[in-house]
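In the text below, chain A, chain B and the rest are named by the order of the sequence lines, each starting its count at 1. Every value quoted in this text rests on a predicted model; they were computed, and no experiment measured them.
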Number of protein chains: 2
Amino acid sequence: MEVSWQPGMKMDVNAPMCPSRGVLEHVTSRWGVLILIALRERSYRFSELRRHVGGVSEKMLAQTLQTLERDGFVLRDAQPVIPPRVDYSLTELGEEAAAQVEALGRWTERRTEQVLKNRERYDEARP
Amino acid sequence: MEVSWQPGMKMDVNAPMCPSRGVLEHVTSRWGVLILIALRERSYRFSELRRHVGGVSEKMLAQTLQTLERDGFVLRDAQPVIPPRVDYSLTELGEEAAAQVEALGRWTERRTEQVLKNRERYDEARP
DNA sequence: GGAAGTACCCACTTTGAAGTAAGGTACTGG
DNA sequence: CCAGTACCTTACTTCAAAGTGGGTACTTCC
């Protein structure tokens with residue numbers, strides 16, 4: 001196991017200090033997943049996105065969009081008009097990530113009913 | 001947006017109260033991802049897994065394995081021998097999830113170098 | 001004239017995820 | 001006989017993620 005990451009070192013999510021861990025945590029973050037999935041369908045404005053992704057606070061939406069933008073997954077297009085208009089869309093890199101994340105999200109929706117049954121069985125097997 | 005989830009309702013990760021959210025959070029959790037990826041390759045014993053997944057504490061490993069087992073992703077096989085021997089493997093459902101998660105993990109490893117560059121560009125563009 | 005929409009930022013507080021440390025049992029190897 | 005391995009559990013602590021509530025600056029709608 002590597003103690004620190006050096007340039008040119010092979011990326012390995014199992015290494016505690018590997019930067020790939022951070023990247024993975026960004027794309028699999030609570031709101032990151034939902035935002036990526038939403039933006040795959042089309043570009044969204046801030047408040048539109050907030051209404052689409054149920055339950056996000058403004059703060060978390062802004063914050064998550066920023067980290068996704070910094071990583072190069074999301075493109076932020078702010079028009080200098082009044083009222084402010086900012087459009088968010090996926091970059092090519094973001095589209096690649098979002099495709100995988102959406103697959104996982106859709107799979108989860110399909111299998112959740114089964115998981116719920118599994119939990120019941122598990123719980124009644126031990127009081 | 002639905003306020004509460006009722007049986008027979010369509011699963012939707014965008015609905016705040018939909019149980020699919022919780023399931024998605026389990027498979028995309030910090031240690032959940034790494035454990036699923038590891039178990040895809042072969043079955044592991046507890047301490048083996050702990051050594052393989054760099055940086056997990058015993059507590060988090062035990063806890064995460066339990067929630068994955070409860071959801072029906074992981075199979076726990078405890079042999080009543082001394083010293084204790086417990087093998088963890090994927091169920092069919094877990095294998096489906098793990099396959100997607102591994103794809104995402106491998107993709108992240110491949111693209112992390114690019115993301116690191118993106119972050120540099122982003123940071124130097126604003127002081 | 002007041003309310004609501006737009007896209008945020010900031011400070012503060014709360015929550016819950018995670019880390020640390022210790023305990024427990026039944027052995028084996030030195 | 002003490003250390004170590006194996007597989008956890010429990011209690012305590014820490015710290016980052018997330019929620020809350022406020023402010024901004026300007027416009028359109030009623």
Side-chain angles (χ1 to χ4, degrees), chain A residues 1 3 13-14 16-17 21-35 38-39 43-71 74-89 122 126-127, chain B residues 1 13 16-17 21-35 38-39 43-71 74-89 122 126-127:
Chain A
M1 217 62 64
V3 174
V13 291
N14 285 317
M17 291 298 150
R21 282 239 177 132
V23 178
L24 191 56
E25 276 163 29
H26 285 175
V27 320
T28 60
S29 71
R30 182 169 183 192
W31 301 116
V33 219
L34 301 177
I35 291 171
L39 290 181
S43 83
Y44 273 88
R45 300 183 57 183
F46 186 86
S47 297
E48 248 182 351
L49 200 49
R50 174 149 156 65
R51 283 185 292 267
H52 184 84
V53 176
V56 226
S57 64
E58 291 198 348
K59 185 190 127 186
M60 286 314 297
L61 184 56
Q63 199 176 99
T64 309
L65 281 168
Q66 270 180 32
T67 77
L68 292 178
E69 192 201 352
R70 188 167 105 101
D71 284 359
V74 160
L75 202 80
R76 181 176 187 271
D77 176 26
Q79 281 113 291
V81 295
I82 281 162
R85 181 185 176 100
V86 183
D87 286 289
Y88 291 95
S89 55
Y122 183 95
R126 52 217 99 191
Chain B
M1 216 62 65
V13 290
M17 291 299 151
R21 282 241 178 133
V23 178
L24 192 55
E25 276 163 30
H26 285 174
V27 320
T28 61
S29 71
R30 181 168 184 192
W31 302 115
V33 202
L34 301 177
I35 291 170
L39 290 180
S43 83
Y44 273 88
R45 301 182 56 180
F46 185 86
S47 298
E48 244 181 355
L49 198 50
R50 175 149 155 65
R51 282 185 293 267
H52 183 86
V53 176
V56 227
S57 64
E58 291 198 347
K59 185 191 123 185
M60 286 314 297
L61 184 56
Q63 199 176 99
T64 309
L65 282 168
Q66 270 179 33
T67 77
L68 292 178
E69 192 201 352
R70 188 166 106 101
D71 284 0
V74 160
L75 202 80
R76 181 174 188 274
D77 176 27
Q79 281 113 294
V81 294
I82 280 160
R85 180 185 176 99
V86 184
D87 285 287
Y88 292 95
S89 55
Y122 183 94
R126 52 218 98 192

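Within the 4.0 Å cut-off from OP1 or OP2 of C:dC8, not a single side-chain nitrogen or oxygen of A:Q66 is found. Applying the 4.0 Å criterion to OP1 and OP2 of D:dA6, one finds that B:R51 has a side-chain N or O inside that range. One finds a side-chain N or O of B:R45 lying less than 4.0 angstrom from the OP1 or OP2 phosphate oxygen of D:dC7. The shortest distance between the side-chain N/O atoms of A:Y44 and the OP1/OP2 oxygens of C:dA7 is not below 4.0 Å.
Atom pair B:H26:NE2 and C:dA18:P shows a separation of 10 Å (rounding to whole Å applied). Between B:R85 atom CZ and C:dT28 atom P there is a gap of 16 Å when expressed in whole angstrom units. We find that CZ of A:R50 is positioned 13 Å from P of C:dC8, with the value rounded to whole Å. The CG atom of A:L65 sits 10 Å away from the P atom of C:dC9 (whole-angstrom rounding). The distance between atom CG of B:L61 and atom P of C:dT20, rounded to the nearest whole Å, is 15 Å.
Taking B:D87 as the reference, B:R85 meet the salt bridge (charged side-chain N to carboxylate O under 4.0 Å, His left out) condition, with sequence neighbours excluded. Take B:S89 and apply the side chain to side chain contact (heavy atoms under 4.5 Å, CB included) test, not counting sequence neighbours, and it matches B:S43, B:L75. With sequence neighbours excluded, the residues satisfying side chain to side chain donor-acceptor pair (under 3.5 Å) with A:R76 are A:Y88. Applying the side chain to side chain contact (heavy atoms under 4.5 Å, CB included) test to A:V56 and every residue at least two apart in sequence or in another chain returns A:W31, A:V53, A:M60, A:L61. Partners of B:V23 under the side chain to side chain contact (heavy atoms under 4.5 Å, CB included) rule, at least two apart in sequence or in another chain, are A:T108, A:T112, A:V115, A:R119, B:F73.
With rounding to the nearest 0.5 Å, the separation of CG in A:L65 from CG in A:L49 is 6.0 Å.
Distances from the side chain of B:R76 to the nucleotides D:dC8, C:dC8, C:dA7 place D:dC8 closest. Considering only side-chain atoms of B:A62, the nucleotide from D:dA6, D:dT9, C:dT6 that sits closest is D:dT9.
A:F46 approaches A:E58 most closely through the heavy-atom pair CZ-O, 3.8 Å.
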Its contact letters, B for base, S for sugar-phosphate only and - for none at protein heavy atoms under 4.0 Å, make nucleotides 12-30 of chain D read ------BBB-----SS---
